[in-house]
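Comments concern the structure below.
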Amino acid sequence: MQDDLERVLFDEPTIHRRLDEIAAQISKDYQDKDLTVIAVLNGSLMFMADLLRRIPLPLKLDCLSVASYHGKPQTTGEVIFKQIAPPDVKDRHVLIPDDILDSGHTLAAIREKLQTAQPRSIRVCVLLSKKKQRAREVDADYLGFKIEDEFVVGYGLDYDERYRNLPWIGVLRKELITSK
Ligand code: IMP
Ligand code: MG
């Protein structure tokens, strides 16, 4: 898997140090609040697991499963929810951790979907944000790292469902990205 990377962007210690900082901020911001974390599968799996173990609050955890890529490196803009009913978050403070903010379609759609369940607040926490013009404007309330507009894999991020188990984040070699 490692040979498929053009270069490593963030190694394990770097990711973990940043998670310490974000988790400390989240723990402070939500210390007296009823927090529900709604993770976005599958990409946020590693990020969420490592982040939540650093937050010593009595939070609730639920997941949303969405697909927006269908094995292509470019988003189609169509976001498919794999469950019919949104999680029960009425009157709760919701935090959504996701892997990466790219076009903004996914997080904008998730935000809209969760809003219909009448939460008290919604905040978004992304590990990575690409520096680019987005199709839909989404503000990350908590952000790990800003990156250039390149295709990255590892630490939960996939290309065609592969590389999620790489412990670090790197840029995938361009010749491995096929236009399907
Ligand atoms: P958006 O809807 O375009 O913001 O994209 C959101 C989803 O696309 C993310 O949750 C990822 O699953 C996927 N994605 C976007 N950019 C990348 C990337 O560079 N590597 C891997 N997955 C990506
Ligand atoms: Mg993906």
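On a predicted model such as this, the values are computed, not experimentally measured, just so you know. Ligands are counted one by one from 1 in listed order, and the atoms in each one are counted from 1 as well. What's counted below: heavy atoms across the whole structure, side chains too, no hydrogens, waters or symmetry copies.
When side chains are defined from C-beta on, Y155 does not count as touching R164, because their heavy atoms never get closer than 4.5 Å. The closest side-chain heavy-atom distance from I169 to I147 is not below 4.5 Å. Proximity of L19 to F47: side-chain heavy atoms (C-beta onward) are separated by under 4.5 Å at one or more points.
At a 3.5 angstrom cut-off on N or O pairs, G104 counts as close to ligand 1. Considering backbone and side-chain atoms alike, L157 places every N or O at 3.5 Å or more from each N or O of ligand 1.
Within ligand 1, the atoms closer than 4.0 Å to a non-hydrogen atom of D158 are 21 (C), 22 (N), numbered from 1 in the order shown. Every atom of ligand 1 with a heavy atom of K130 under 4.0 Å away is listed here by number and element: 16 (N), 17 (C), 18 (C), 19 (O). Within the listing of ligand 1, atoms 10 (O) sit less than 4.0 angstrom from a heavy atom of D98. Atoms of ligand 1 found under 4.0 Å from any heavy atom of S103, numbered from 1 in the order shown, are 1 (P), 2 (O), 3 (O), 4 (O).
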Margin query: Under the criterion side chain to side chain contact (heavy atoms under 4.5 Å, CB included), I'd like the reasoning laid out for R17 against E12: C-alpha separation, chi angles, the key distance, then a yes or no.
Written below: CA-CA 9 Å; R17 269 198 308 274; E12 270 189 288; over 6 Å; no
Next item on the list: Test ring pair (Phe, Tyr, Trp, His ring centres under 6.0 Å) on F145 and F10 and set out the steps.
Entry: CA-CA 9 Å; F145 307 98; F10 306 107; 4.0 Å; yes
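Although no hydrogens or angles enter the test, the distance criterion places a donor-acceptor pair under 3.5 Å between the side chain of R18 and the main chain of G144.
Counting heavy atoms under 4.0 Å from ligand 1, residue E150 touches it through the backbone alone. Only the side chain of D99 comes within contact range of ligand 1, with a heavy atom under 4.0 Å; no backbone atom does. Here V138 has no heavy atoms under 4.0 Å from ligand 1, in either its backbone or its side chain.
Tested against L172 for a side chain to side chain contact (heavy atoms under 4.5 Å, CB included), the candidates D158, L157, V153 yield a single pass: V153.
Put simply, no part of R134 is less than 4.0 Å from ligand 1, judged by heavy atoms.
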